[in-house]
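Working notes, structure below.
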There are 2 protein chains.
Amino acid sequence: MARPRRRDDVLRTATTRFYEHGIAATGVDRLAADAGVAKMTLYNNFASKDDLVVAYLEHRDREFFERLDEHVADHHGNARRRAMAVVDVYEHYVRQDGFRGCAFINAAAELPRDHPGREVVRRHKAAVRDRWTDLIAALGHDEPHRLAHECCLLLEGAFVYAGLGVDDEPLAGVRELIHRRLATTTDR
Amino acid sequence: MARPRRRDDVLRTATTRFYEHGIAATGVDRLAADAGVAKMTLYNNFASKDDLVVAYLEHRDREFFERLDEHVADHHGNARRRAMAVVDVYEHYVRQDGFRGCAFINAAAELPRDHPGREVVRRHKAAVRDRWTDLIAALGHDEPHRLAHECCLLLEGAFVYAGLGVDDEPLAGVRELIHRRLATTTDR
DNA sequence: AAGTAACTAGACAGGTCGGTCTGTCTAGGT
DNA sequence: ACCTAGACAGACCGACCTGTCTAGTTACTT
């Protein structure tokens with residue numbers, strides 16, 4: 001039996017529209033229409049718009065880490081190159097047409113403080129940092145947590161600047177910066 | 001003659017409400033009511049809500065740099081300490097009750113790509129980096145642009161993480177990181 | 001071929017949105 | 001004492017919002 005096709009249609013459409021136009025600016029009527037689905041089908045698959053927002057963020061989170069896993073697998077044997085895979089993935093998103101900054105940060109900016117989606121965002125960013133830590137630990141650094149934190153900040157900062165369009169070649173500088181940082185075994 | 005008082009009331013109220021609840025989530029009716037002002041007074045002072053949004057962002061930009069100037073002035077004579085004033089100001093915002101991340105990034109996340117407010121945000125972040133560059137150049141570094149860029153990324157990344165509430169003591173790490181970075185005269 | 005579960009379009013309710021308009025009131029300047 | 005600019009409250013507009021409901025249709029399973 002096929003996966004629930006309509007649900008995927010809705011989720012896929014939400015993924016692009018929520019990102020491109022923002023969550024609040026995307027009404028469920030238009031969303032359903034764009035997905036080629038009746039509004040009731042949307043509400044049969046998701047309890048509410050808020051519920052759909054959470055599903056959207058979880059979907060993006062899954063997609064991100066799948067992509068990261070692929071990039072990491074592409075370079076097995078080369079630990080430093082594997083660590084740089086995180087930068088690769090961020091760069092992939094920056095290069096997308098209609099790039100508008102980090103989907104998670106943008107969502108968090110729109111959601112009220114008690115919205116369950118914010119927790120998804122929080123967990124995602126924490127997971128990214130954990131992944132950095134693992135990859136850096138594999139490099140044999142003495143303080144992987146600390147270095148991972150630093151890489152996170154650099155990359156996240158560059159992602160934000162890229163989203164605002166402050167720079168022309170946004171991630172080039174940070175790639176070099178992180179690459180050099182990973183080479184230094186002493187971290188002071 | 002007094003400054004246009006009502007206009008300031010509106011702008012001040014917008015500054016808190018737009019930040020705390022988001023721009024889209026703040027209706028003009030409620031905004032006017034909170035400011036203790038008739039809706040028509042709001043529209044007599046601002047052409048549209050979009051216009052008010054731009055004024056809001058410019059107001060925050062002004063406020064930010066005024067605060068920065070004060071902090072810089074507090075440490076005249078000590079160039080490194082002056083540079084760290086940027087971190088001081090960011091920390092001031094992080095410590096505020098109801099801190100919800102960078103007002104400019106949050107606004108940009110909500111605004112459509114062609115909204116004039118986005119340009120204000122872009123200019124603000126570019127101005128912050130320029131200020132970093134000046135402060136670092138005063139330290140006698142050989143490549144102030146490059147180091148300023150790095151400090152920007154670190155601080156901006158930390159600001160984002162702080163806004164999401166990933167860490168408990170969000171800016172402590174980055175302060176030490178930047179402080180140490182500014183000590184190194186060679187920047188490789 | 002029959003049954004059933006999922007889908008469809010569209011109306012509907014109750015609210016909020018940005019923005020306009022009217023008519024009244026009040027404070028200051030002359 | 002009069003005039004005027006600006007602020008007032010509140011009705012009003014059309015558009016859009018989330019979410020519900022109904023009634024008819026499609027498509028798969030047995």
Side-chain angles (χ1 to χ4, degrees), chain A residues 1-57 106-107 109-118, chain B residues 1-57 59 106-107 109-118 120:
Chain A
M1 170 194 174
R3 290 290 108 192
R5 188 168 53 82
R6 314 287 168 171
R7 193 191 143 95
D8 288 353
D9 289 344
V10 172
L11 198 49
R12 194 170 46 249
T13 306
T15 298
T16 66
R17 279 213 76 104
F18 280 166
Y19 179 71
E20 283 171 11
H21 301 270
I23 294 169
T26 302
V28 287
D29 278 299
R30 169 160 292 177
L31 194 49
D34 277 16
V37 143
K39 185 152 62 154
M40 269 315 286
T41 302
L42 187 155
Y43 276 101
N44 282 335
N45 284 283
F46 302 94
S48 65
K49 187 187 178 181
D50 284 336
D51 196 62
L52 175 58
V53 168
V54 171
Y56 151 66
L57 290 168
N106 290 356
E110 281 198 74
L111 301 180
R113 186 175 309 235
D114 57 347
H115 195 288
R118 279 189 82 94
Chain B
M1 169 192 172
R3 287 292 106 191
R5 189 167 53 83
R6 314 288 166 174
R7 192 191 144 97
D8 288 351
D9 289 345
V10 172
L11 198 49
R12 195 170 46 248
T13 306
T15 298
T16 67
R17 280 213 76 104
F18 280 165
Y19 179 70
E20 283 170 12
H21 302 270
I23 294 169
T26 302
V28 287
D29 280 297
R30 169 162 293 179
L31 194 48
D34 277 17
V37 141
K39 186 149 67 151
M40 268 315 287
T41 301
L42 188 156
Y43 276 101
N44 282 335
N45 284 281
F46 302 94
S48 64
K49 188 187 179 182
D50 285 337
D51 195 61
L52 176 56
V53 168
V54 171
Y56 152 65
L57 291 168
H59 176 68
N106 289 357
E110 282 196 74
L111 301 179
R113 178 164 295 116
D114 57 346
H115 194 289
R118 280 189 82 93
V120 180

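Heavy-atom basis, side chains included; hydrogens, waters and symmetry copies ignored. Lettering of chains follows the sequences in order, A, B, ..., and the numbering in each one begins at 1.
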Look only at the side chain of A:R6 and the backbone of A:L42, and say whether a donor-acceptor pair between them is shorter than 3.5 Å. no
If you define the side chain from C-beta out and look only at heavy atoms, does anything of B:F18 sit under 4.5 Å from B:L57? no
Find the distance A:R7:CZ to C:dC7:P and express it as a whole number of Å. 11 Å
Rounded to the nearest Å, what distance is computed from the CZ atom of residue A:F46 to the P atom of nucleotide C:dA6? 15 Å
Between the base of C:dG10 and the side chain of A:K39, is there any donor-acceptor pair under 3.5 Å? no
Looking only at atom types and distance, does a side-chain atom of B:T26 sit under 3.5 Å from a main-chain N or O of B:G22, one as donor and one as acceptor? yes
For A:E110 and B:A109, indicate whether the former's side chain and the latter's backbone hold a donor-acceptor pair under 3.5 Å. no
Can you figure out which of D:dG19, D:dC21, C:dG18 approaches the side chain of A:M40 most closely? D:dC21
Side chains of B:L31 and B:L52: does their closest heavy-atom pair fall under 4.5 Å? yes
Indicate yes or no: at least one non-hydrogen side-chain atom of A:K49 is less than 4.5 angstrom from one of A:I23. yes
Just the rounded figure in Å: distance from C1' of C:dG10 to OH of A:Y43. 16 Å
A:N45 CG to C:dC7 C1', straight-line distance once rounded to whole Å: 10 Å
Picking from D:dC21, C:dG19, D:dA9, which would you name as closest to the side chain of B:A38? D:dA9
Taking any heavy-atom pair under 4.0 Å as a contact, classify A:T41: base, sugar-phosphate, or nothing. base
Tell me, which of residues 19-37 of chain B have any heavy atom that sits under 4.0 Å from an atom in DNA chain C? B:T26, B:G27, B:V28
Report the distance from atom CG of A:N44 to atom P of D:dT18, rounded to the nearest whole Å. 17 Å
Write down the distance between NZ (A:K49) and C1' (D:dT20), rounded to a whole number of angstrom. 17 Å
Round to a whole Å and report the spacing from CG of A:L42 to P of C:dG10. 17 Å
What integer distance in Å separates A:R6:CZ from C:dC7:P? 6 Å
Mind checking what makes side-chain hydrogen bond (donor to acceptor under 3.5 Å, both in side chains) contact with A:D9, not counting sequence neighbours? A:R12
